[in-house]
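Okay, so here's the structure we're looking at.
Quantities reported herein were computed from a predicted structural model and do not represent experimental measurements.
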Amino acid sequence: MPGAAEDLTALTTLRLPAKAAARRDVTDLPALREALADARAAGLPVIVLGEGSNVVFAGDVDALVLRYTATGREVIAEDDASVTLRVAAGEHWHTLVCWCLEQGYHGLENLALIPGTVGAAPIQNIGAYGVELAPFVEAVHAVRIADGETLTLSRAECAFAYRDSIFKGALRDAVVITAVDFRLPRAHVPVTDYPSLREALAGQAAPPEPRDVFDAVVALRRARLPDPATTPNAGSFFKNPVVDAATAEALARRYPGMPQFAAPGGRKLAAGWLIEQCGWRGAEGEGVAVHPGHALVLVSRGGDGRALLALAQRIQDSVAETFGCRLEIEPRVYGAAA
Ligand SMILES: Cc1cc2nc3c(=O)[nH]c(=O)nc-3n(C[C@H](O)[C@H](O)[C@H](O)COP(=O)(O)OP(=O)(O)OC[C@H]3O[C@@H](n4cnc5c(N)ncnc54)[C@H](O)[C@@H]3O)c2cc1C
């Protein structure tokens, strides 16, 4: 296990400066088990990283930062109605979406251009434009960090919910996901009821095909979201809060025009709208800022994780004071106490 501090700045899309006690990239299961055994022997906890697009390093971490970079996809079952794929965790998510579309395996179009790896996708049950990953997952394969044992979780065992799963709960920091099985329908009715997507597709004469949905989602995302390659960010910095029906009604009476969406347990509010109403769009902190075009996206302009989290806390406090609900940070934060 190397003793020198390893720079993590280039490993996340926020590019926040931080160091780790050790880091290693492994491309297969034997190398993964060996790295986990070395970390145990060195007494180091393990932080698993994919492409670092949903991670905040608030400071240095006394840990092994590990990336499982195995690639590969295979058809493990198929019939007239659907195909089941096993995809290695290190595959790039958007590349998989494009490949599925070309093969005629449908359903993932709405999730096009979400940054990151296949292995990270189940962690927060990625979602966009009215679709979540969960219904397409058949199983998740993983290796337990504590002892290197393999385990397979069914969709039900993954306990998927809005931006949530067992991997953020009971199995948080406990496993390395090594592959995901997806069951994708061949014939598929595209999901187009998300307002901006519906609008984008409105001009089309025929009912949209999966390819039309893919193209529209790609165009919408390119127009709306800052590219992390030029503007370091982690996408949406806060989850959309869910409030009970009575609270939602009271808020709607007080703030006519407040966007609200149906959600299990009540109504989902639009975090970006709440932040914007509080006047935060374009606000700046020490080398960090709220993106001027998108209030839900915090960006780094050379600042560090502490400055970013300080800005996030000021936003959380002001939204709580104005609307009575506290925003939850979406990316995973490491090194906060360092
Ligand atoms: C511009 C932008 C737009 C985005 N848009 C969306 C969006 O529309 N919808 C959405 O849901 N998300 C979105 N995100 C967030 C992000 O793309 C997803 O969360 C993605 O799944 C993260 O993948 P990653 O490989 O970068 O994971 P990382 O950021 O490296 O890791 C995220 C978490 O997953 C864990 N993890 C990663 N790989 C593994 C593994 N193999 N085994 C176990 N744990 C692992 C990490 O420990 C960490 O806790 C966006 C991010 C950006 C920068």
Side-chain angles (χ1 to χ4, degrees), residues 50-51 53-54 68 70-142 151-169 171 175-194 197 201 207-218 220-221 235-236 239 263-264 330:
E51 292 178 11
S53 65
N54 209 23
Y68 182 70
T71 55
R73 14 183 142 102
E74 57 172 325
V75 174
I76 56 169
E78 60 183 320
D79 56 30
D80 290 346
S82 69
V83 61
T84 306
L85 306 173
R86 179 158 303 162
V87 186
E91 288 268 334
H92 181 60
W93 173 258
H94 180 67
T95 306
L96 174 70
V97 175
C98 296
W99 181 78
C100 288
L101 191 65
E102 279 157 24
Q103 306 301 310
Y105 310 150
H106 299 132
L108 303 182
E109 308 76 45
N110 300 52
L111 306 179
L113 269 194
I114 296 181
T117 53
V118 165
I123 303 285
Q124 70 154 2
N125 178 25
I126 56 169
Y129 295 96
V131 169
E132 287 185 346
L133 179 82
F136 303 106
V137 172
E138 275 292 280
V140 172
H141 304 275
L151 57 157
T152 296
L153 288 93
S154 67
R155 182 193 313 133
E157 287 169 329
C158 289
F160 290 121
Y162 167 61
R163 297 293 187 275
D164 203 12
S165 73
I166 193 169
F167 308 107
K168 292 178 87 176
L171 289 184
V175 297
V176 181
I177 292 175
T178 53
V180 181
D181 293 350
F182 299 97
R183 185 154 182 229
L184 303 174
R186 293 181 191 277
H188 176 66
V189 180
V191 178
T192 58
D193 43 5
Y194 192 86
L197 183 57
L201 292 164
E209 294 289 321
R211 160 64 64 183
D212 302 323
V213 174
F214 174 90
D215 289 343
V217 167
V218 166
L220 281 168
R221 293 187 71 101
S236 304
K239 287 164 75 165
E330 184 190 295

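- A donor-acceptor pair under 3.5 Å is absent between the side-chain atoms of Arg155 and the main chain of Phe160, judged by distance alone.
- Two residues are said to be in side-chain contact when any heavy atoms from C-beta on lie closer than 4.5 Å; Lys168 and Ile123 meet this criterion.
- In this structure, Glu109 contributes its side chain and Gly107 its backbone to a donor-acceptor pair below 3.5 Å.
- Within the structure, the side-chain hydrogen bond (donor to acceptor under 3.5 Å, both in side chains) test picks out the following pairs touching residues 176-188 (sequence neighbours left out): Glu78-Arg186, Ser82-Arg183, Arg86-Asp181, His141-Asp181.
- The CD atom of Glu330 lies 4.0 Å from the CD atom of Gln124; values are rounded to the nearest 0.5 Å.
- The shortest heavy-atom contact between Val191 and Gly130 is CG1-O, 3.9 Å.
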* Please test Val140 against Ser165 for side-chain contact (heavy atoms from CB on, under 4.5 Å), starting from the C-alpha separation and ending with a verdict. => CA-CA 12 Å; Val140 172; Ser165 73; over 6 Å; no
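- Qualifying side chain to side chain contact (heavy atoms under 4.5 Å, CB included) partners for Arg211, counting only residues two or more places apart in sequence or in other chains: Leu101, Phe214, Asp215.
- Of the possible polar contacts, one joining the Trp93 side chain to the Leu111 backbone as a donor-acceptor pair under 3.5 Å is found.
- When every heavy atom of Ile177 is checked against every heavy atom of Tyr68, the shortest pair comes out as O-CD2, 4.0 Å.
- Heavy atoms from other residues, nucleotides or ligands lying under 6.0 Å from OH of Tyr194 number 12 at most.
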* Asked: Step by step, would you call Leu85 with Trp99 a side-chain contact (heavy atoms from CB on, under 4.5 Å)?
  -> CA-CA 12 Å; Leu85 306 173; Trp99 181 78; 3.9 Å; yes
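- Of the possible donor and acceptor atoms, none in the side chain of Thr117 sits under 3.5 Å from a partner among the backbone N and O of Gly90.
- At distances below 3.5 Å, at least one donor-acceptor pair connects side-chain atoms of Glu51 with backbone N or O atoms of Gly116.
- Across all their heavy atoms, Ala112 and Val218 have their closest contact at CB-CG2, 4.0 Å.
- Across all their heavy atoms, Ala128 and Arg221 have their closest contact at CB-NH1, 3.7 Å.
- The shortest heavy-atom contact between Pro208 and Thr192 is CG-CG2, 3.9 Å.
- By the 4.5 Å heavy-atom criterion applied to side chains, Leu184 and Cys100 are counted as neighbours.
- Atom-to-atom distance recorded for Leu201:CG and Glu209:CD is 11.5 Å, nearest 0.5 angstrom.
- Panel note: side chain Asn125, backbone Leu133; a donor-acceptor pair is recorded below 3.5 Å.
- For Ala88 against Val118, the heavy-atom pair with the smallest separation is O-CB, 3.8 Å.
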